[in-house]
Amino acid sequence: MLPKLLIIAAFVAIAIGQCTRDSLKQASDAYVLAQSKGAITSYGNEIPYTENFKTTQIKTGILSKPLKIDHNRTIFDTTACATYTELIITDTSHPYVIGTQIWYAGNSTNSVSKWETIVTDQGDWLFNAAGTLKWALTESWTEIPEGKRDTRAVIKAAADAYCDVFSDKSVKVPWGTPCARLEGGSYTGTGAVTDKCDVGIPSGVRITNRRYVIDEVLGTVDVFNTFAGNLPDTHEFRVEGGKLRYVHTMTVMN
């Protein structure tokens, strides 16, 4: 019981002050710890929570399961007061790759206004947690030097162009070279300077209902969306110098 109380206390303690990178980092650290312990069940059902875009009680969802997390990475949106966290779990008893957007109310981490989680596992699009981990560990999502950072608008525009080209091939996407896409456990890159991520892009697919978490410091945006009409999906982008460098996707096949 004590560990659970400590984790809940951590969520409460984060709430002092404005929405800063430090406070968002504390909040995301508390979330990752809670997921590793399966200890979030005592947090209460007052949080607006969805799992694979279906409203449910937080205490009965994936957060109630202790998971051995092999890798986690979070981006911090101080403008929207939100975070996006990617979790990779390769436990052979039940591997997962999870993406979570958490939105906070009132420009502070005092209370959660919306919590959305996408949970992918066996049967979802190109799912392979071991493959996801392998390739994720080869990438660099470090802070971009202040003088080289793209604006919030440029980062969002790059993501939108990528999402729009699925239904409109006339859209000009700012493809970078190198660029690599991690789609489930499938990777378009090899580590070469000529790597491309403009391969295998379908036609006639609409990506709608987009929700953005943007981190200018990391040059990153995550987009929760409805893919091809009804599939819960997240596309995360790393943008460097206005060009796409990395793309991570998760798609729930229902």
Side-chain angles (χ1 to χ4, degrees), residues 1-11 25-45 47-75 83-102 112 115-139 141 180-189 213 222 224-227 230-236 246-254:
M1 176 60 73
L2 183 57
K4 288 189 178 184
L5 294 176
L6 291 174
I7 292 168
I8 301 310
F11 271 97
K25 184 178 186 306
Q26 290 178 52
S28 65
D29 287 348
Y31 157 60
V32 174
L33 177 61
Q35 182 64 86
S36 71
K37 302 291 186 183
I40 199 70
T41 52
S42 300
Y43 196 62
N45 289 320
I47 299 174
Y49 176 75
T50 68
E51 198 164 289
N52 294 342
F53 298 175
K54 296 176 181 177
T55 300
T56 187
Q57 292 186 349
I58 198 168
K59 71 177 183 180
T60 60
I62 191 67
L63 289 156
S64 66
K65 300 179 180 180
L67 301 177
K68 182 181 180 298
I69 299 167
D70 296 288
H71 180 67
N72 73 88
R73 181 176 50 76
T74 298
I75 66 174
T83 60
Y84 170 74
T85 301
E86 175 188 83
L87 303 178
I88 304 173
I89 297 95
T90 62
D91 185 345
T92 55
S93 66
H94 197 148
Y96 295 98
V97 181
I98 298 169
T100 296
Q101 287 189 357
I102 303 177
V112 175
W115 188 316
E116 294 193 276
T117 293
I118 286 179
V119 181
T120 60
D121 58 4
Q122 192 63 40
D124 289 320
W125 181 249
L126 297 177
F127 180 81
N128 182 334
T132 302
L133 179 64
K134 172 186 174 180
W135 294 113
L137 292 177
T138 69
E139 298 177 342
W141 295 65
R181 185 175 75 245
L182 181 55
E183 187 172 352
S186 178
Y187 203 56
T188 64
V213 174
D222 176 70
F224 268 30
N225 67 87
T226 302
F227 190 88
N230 66 341
L231 301 178
D233 179 275
T234 173
H235 273 61
E236 184 185 18
Y246 298 119
V247 183
H248 282 197
T249 82
M250 304 176 204
T251 307
V252 179
M253 299 306 291
N254 289 332

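All residue numbers refer to positions in the sequence shown, counting from 1. Being a predicted model, the structure only gives us computed values, none of them experimental.
Although no hydrogens or angles enter the test, the distance criterion places a donor-acceptor pair under 3.5 Å between the side chain of Asp70 and the main chain of Thr90. Checking side-chain atoms of Gln35 against main-chain N and O of Ile62 turns up a donor-acceptor pair under 3.5 Å. Judged by distance alone, with hydrogens and angles left aside, the side-chain atoms of Asp124 form no donor-acceptor pair with the main-chain N or O of Phe127 at under 3.5 Å.
Under the 3.5 Å distance criterion, with hydrogens and angles disregarded, a donor-acceptor pair is assigned to the side chains of Thr100 and Tyr31. Between the side chains of His248 and Glu139, at least one donor N or O lies within less than 3.5 Å of an accepting N or O. Checked by atom type, the side-chain pair Asp222/Gln101 shows a donor-acceptor distance below 3.5 Å.
Note that CD of Glu86 is 11.5 Å distant from CD1 of Ile69, once rounded to the nearest 0.5 Å. Taken from NE2 in His235 to OG1 in Thr251, the straight-line distance is 6.0 Å, to the nearest 0.5 Å. With values rounded to the nearest 0.5 angstrom, Ile88 atom CD1 is found 9.0 Å from Asn72 atom CG. Separation of atoms CG (Asp91) and CG (Leu67) is listed at 8.0 Å; rounding is to 0.5 Å. From Gln122, atom CD reaches atom NE2 of His94 across 8.5 Å, with rounding to the nearest 0.5 Å.
With sequence neighbours excluded, the residues forming a salt bridge (Lys or Arg N to Asp or Glu O under 4.0 Å) with Asp29 are Lys25, listed by chain and number. For Thr50, the side chain to side chain contact (heavy atoms under 4.5 Å, CB included) criterion is met by Thr55, Glu116, not counting sequence neighbours. Legend: residues meeting ring pair (Phe, Tyr, Trp, His ring centres under 6.0 Å) with Tyr84, ordered by chain and number and at least two apart, are absent.
Annotation: Trp135 is not in aromatic contact with Tyr246 [ring centroid separation under 6.0 Å not met].
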Quiz item: Can Val213 and Thr83 be said to form a side chain to side chain contact (heavy atoms under 4.5 Å, CB included), step by step?
Solution: CA-CA 6 Å; Val213 174; Thr83 60; 5.6 Å; no
Quiz prompt | Verdict with reasoning, Arg73 to Thr85, per side chain to side chain contact (heavy atoms under 4.5 Å, CB included) | solution = CA-CA 6 Å; Arg73 181 176 50 76; Thr85 301; over 6 Å; no
